[in-house]
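Note that this is a predicted model, so its numbers are computed, not measured. Indexing begins at 1, ligand by ligand and atom by atom, following the structure's order.
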Amino acid sequence: QFHMIKHEDLTWSESLGQGSFTHIFRGSKTDQRDGVTHSTEVLLKVLDANHKNCWESFFEAASLMSQISHKHLLLVYGISVHKSKNIMVQEFVKHGALDLYLKKSTSVSVSWKLDVAKQLACALNFLEEKNIAHGNICAKNLLLAREGDPSTDNSPFIKLSDPGISMALLGKDVVLDRIPWVAPEVLNTLEIELECDKWSFGSTLWEIFNNGEAPLQGLDPIHKQQFYEHFSNLPALEWTELADLISQCMQYQPELRPSCRSIIRQLNSLITSGNTQMYTSPFMVT
Ligand SMILES: N#Cc1ccc(Nc2nc(N)cc(-n3ccc(CO)n3)n2)cc1
């Protein structure tokens, strides 16, 4: 399943924030390899004590991530259990969550965003080929390992984080709050299928091209539920071809959503389409 890490091998540094069920800290882990002590910087994700009933799902998420390896999937070193604390020990990803990075950054180019989108599509394609649904695709769960440098056109590098607690265990209010990332059919089934990740991909694309602004952020849970009941769509982006890809992914009928291969093909044509210039520098508008 996964590696158990001794609590005494962990060092705790500062808190880096709080999720809905977890608290994250910077830290380090030491381990002996061929007689040499190594210290590795890690991210310590602690399951809140008052969500103890979720620990199996918490561990299941960790176990999923440690059983498959891909360059765009977060590396989970293992689990540590100490007294009542359940801790997931993850690789420390240098620049943290993408949503916060996009909100803070001003000069993120269209080609930078398309590059990130394509990396996420590749991670999803890898999961699709293994018939594994992630279930929690959103910009908050995309971690930025490398910023990429606009001047040297060095490209960014992202890692998809663990899926977190399974939908079935979340309260209805938490599921409603995940609108519009959670696919509409999940509200009835609470089951996560591959098609759900396509819907979430569309919502995450919208986030990335709206500089980390959360879609429907102003709506309360009731109005979020009505958004689905009325078969509403997110406001279309100016870039029509990109808006089309988002609406293909966010179709209410799961079987009509595109395959990952199709998503990657369409992203590739957007990358080569030259539109990136037009949307990048205002002086280039033809
Ligand atoms: N300032 C700052 C700063 C904060 C975090 C990191 N690094 C990191 N590494 C991970 N493995 C996971 C995460 N996460 C952050 C939110 C979530 C959601 O679950 N994960 N952040 C780097 C810089």
Considering distance alone, does some N or O of Arg26 sit under 3.5 Å from an N or O of ligand 1?
no
Min N/O separation Val93 to ligand 1 under 3.5 Å
yes
Would a single hydrophobic cluster contain both Leu43 and Leu73, if residues Ile, Leu, Val, Met, Phe, Trp and Tyr are joined by side-chain heavy-atom contacts under 4.5 Å?
no
Is the distance between the ring centroids of Trp112 and Tyr101 less than 6.0 Å?
yes
Answer yes if the ring centres of His230 and Tyr228 are under 6.0 angstrom apart, and no otherwise.
no
For Leu74, take its heavy atoms, then give the atoms of ligand 1 lying under 4.0 Å from any of them.
11 (N)
Contact atoms of ligand 1, heavy-atom distance to Lys94 under 4.0 Å:
22 (C), 23 (C)
For [atom], what is the closest protein heavy atom, and at what distance to 0.1 Å?
atom	result
atom 19 (O) of ligand 1	Lys45 NZ, 2.8 Å
atom 15 (C) of ligand 1	Ile24 CD1, 3.5 Å
atom 1 (N) of ligand 1	Leu16 CD2, 4.7 Å
atom 10 (C) of ligand 1	Leu43 CG, 3.3 Å

Test item: protein heavy atom less than 4.0 Å from atom 7 (N) of ligand 1
yes
Is the backbone of [Y] close enough, under 3.5 Å, to the side chain of [X] for a donor and an acceptor to pair up by distance?
X	Y	answer
Thr22	Gln18	no
Asp162	Gly164	yes
Ser203	Ser200	no
His72	Ile158	yes

Proximity winner for atom 13 (C) of ligand 1, if only heavy atoms of Leu98, Asp99, Val76, Leu143 are counted:
Leu143
